[in-house]
Amino acid sequence: MAVASDRLKALPAYLFAEIDRKKRAALAAGRDVIDFGVGDPDQPTHGFIIDRMAAAIRKPENHTYPLGGGTPAFRRQIAAFFRQRYGVELDPSRELLALIGSKEGIGHLPLAVVNPGQAVLVPSPGYPVYLAGTVFAGGQPYVMELTEAGGWLPDLERIPAEVARNAALMFLNYPNNPTGAVATLEFYERAVAFAKRYNLLIAQDAAYNELYLTDQRPPSILQAPGAREVAIEFHSASKTFNMTGWRIGFAAGNAEALSALAATKANLDSGAFAAVQEAACDAYANIDRPELHRMRELYRGRARILCEGLAKLGFAARPPLATFYVWAGVPAGYDSMTVCNRLLDEASVVGVPGIGFGPTGEGYVRFALNVAAERIQAALQRMAAIRW
Ligand SMILES: Cc1ncc(COP(=O)(O)O)c(C=O)c1O
């Protein structure tokens with residue numbers, strides 16, 4: 001019996017499968033694998049959040065189905081965070097929506113706002129869920145190629161007018177996974193003007209907005225004048241507070257789009273655990289705590305060690321402006337899959353081949369900085385033995 005749907009089969013091949021298989025085989029063989037593959041913090045959730053969760057989980061009122069769009073307290077706290085961080089005033093009941101992690105909202109959004117056959121503008125290289133959500137909804141992905149020369153920003157002028165006119169949605173992601181690039185407010189203003197011209201919705205994925213590694217804090221697209229008429233922004237507690245397993249995030253901005261997303265979700269899920277929302281309130285109320293500064297310092301130090309080491313080995317690597325990813329150009333004459341295979345075979349080091357993020361990711365390897373400094377040094381030592 002063939003059970004997989006055509007939509008599932010229409011997803012691009014999982015290009016990390018080969019590396020994944022090899023990694024599992026290496027681990028099973030007892031090899032000491034140093035894994036820069038997964039974008040999942042190696043540090044525990046900050047203690048003050050765990051303390052709040054311990055109390056929240058004992059409250060019976062948190063044990064029932066949570067309110068679909070988020071508890072009033074969660075929405076109020078996120079509105080306060082947005083005011084403090086970005087100077088943007090949001091209506092907690094209409095312009096905010098709690099999510100079971102931002103991936104959930106991103107994946108469901110096309111079902112809420114895209115009709116079959118409409119175009120969705122998707123960045124490449126990019127987080128694979130933009131494409132998957134589009135394909136599941138029957139949308140037509142149009143790839144916006146990001147290049148190093150273009151600062152890893154899409155060239156909006158190069159999108160053909162007939163594609164833009166047929167587009168319902170454009171995904172953006174800054175700070176960017178996998179490249180670590182950051183967008184300026186000026187870019188967001190141009191994107192908002194583009195969306196207004198073509199009457200489409202922007203979904204800007206700000207999952208890494210709090211992982212800034214310079215003293216320039218990334219803006220929110222909602223700071224651009226008129227943005228809430230055409231844009232929503234996804235945020236996540238996952239990387240900000242080392243809470244990937246807790247599954248909590250939110251979307252902010254255009255009320256009509258959020259209402260459509262909320263209605264879609266109401267048919268598919270029953271909201272984020274209220275105790276988690278309560279703990280996340282404490283997290284967002286304490287966005288400037290020293291723990292968070294120390295976390296950025298940790299990633300900054302790791303990025304420095306890794307990039308200096310990689311540069312000596314023939315990779316083109318610069319510390320990211322934000323995110324915990326180093327996006328390194330591979331040694332001349334090699335493709336990203338060959339490089340990752342050799343790193344694993346010859347040094348037991350896992351990196352993600354750039355081709356897995358789309359064709360324009362070719363020539364790069366992504367290293368996630370979720371590895372302790374000593375282990376990064378050990379990985380570099382092993383990699384030094386590879387002759388390119
Ligand atoms: C760019 C980007 N957006 C969203 C997510 C999803 O994060 P979460 O669902 O944990 O909020 C990730 C996770 O890796 C990501 O890299």
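Whatever order the structure lists them in is the order used to number ligands and atoms, beginning at 1. Since we're looking at a predicted model, the values are computed, not measured. Just the heavy atoms: all of them, side chains too, but no hydrogens, waters or symmetry mates, feed the values below.
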For ligand 1, which atoms have a heavy atom of [X] less than 4.0 angstrom away?
X: Arg247; result: 8 (P), 9 (O), 10 (O)
X: Gly101; result: 9 (O), 11 (O)
X: Ala207; result: 3 (N), 4 (C)
X: Ser238; result: 8 (P), 10 (O), 11 (O)
X: Asn173; result: 1 (C)

Among Val122, Leu156, Val230, exactly one meets side chain to side chain contact (heavy atoms under 4.5 Å, CB included) together with Met170. Which residue is that?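 The single option meeting the side chain to side chain contact (heavy atoms under 4.5 Å, CB included) with Met170 is Leu156.
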Less than 4.5 Å apart, side chain to side chain, heavy atoms only: is that true for Arg83 and Val88?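 No - every pair of side-chain heavy atoms lies 4.5 Å or more apart.
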Quick one: does Leu343's side chain get under 4.5 Å of Ile386's, heavy atoms only?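 Yes, their side chains come closer than 4.5 Å.
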If you count heavy atoms of other groups shown closer than 6.0 angstrom to CD of Gln216, is the number above 12?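 No, not enclosed.
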Looking at non-hydrogen atoms alone, which of Lys103, Met243, Lys239 comes nearest to atom 14 (O) of ligand 1?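 Result: the heavy atom closest to atom 14 (O) of ligand 1 is in Lys239.
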Do the side chains of Asp32 and Arg382 get close enough for a salt bridge, i.e. N-O under 4.0 angstrom?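 Salt bridge between Asp32 and Arg382, a charged N being under 4.0 Å from a carboxylate O: yes.
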Side chain or backbone of [X] under 4.0 Å from ligand 1, or both, or neither, by non-hydrogen atoms?
X: Tyr208; result: side chain
X: Glu104; result: neither
X: Ser102; result: both

Residue-ligand contact Asp205/ligand 1, heavy atom below 4.0 Å: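 In this structure, Asp205 qualifies as a contact of ligand 1 - some heavy atom is under 4.0 Å.
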With no hydrogens and no angle check, do the side chains of Gln140 and Asn166 hold a donor and an acceptor under 3.5 Å apart?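 Checked: Gln140/Asn166 side chains show no N/O donor-acceptor pair below 3.5 Å.
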Using 30° and 60° as the class boundaries, would you call the ring planes of Tyr284 and Phe250 parallel, tilted or perpendicular?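 If you compare the ring of Tyr284 with that of Phe250, the planes turn out perpendicular.
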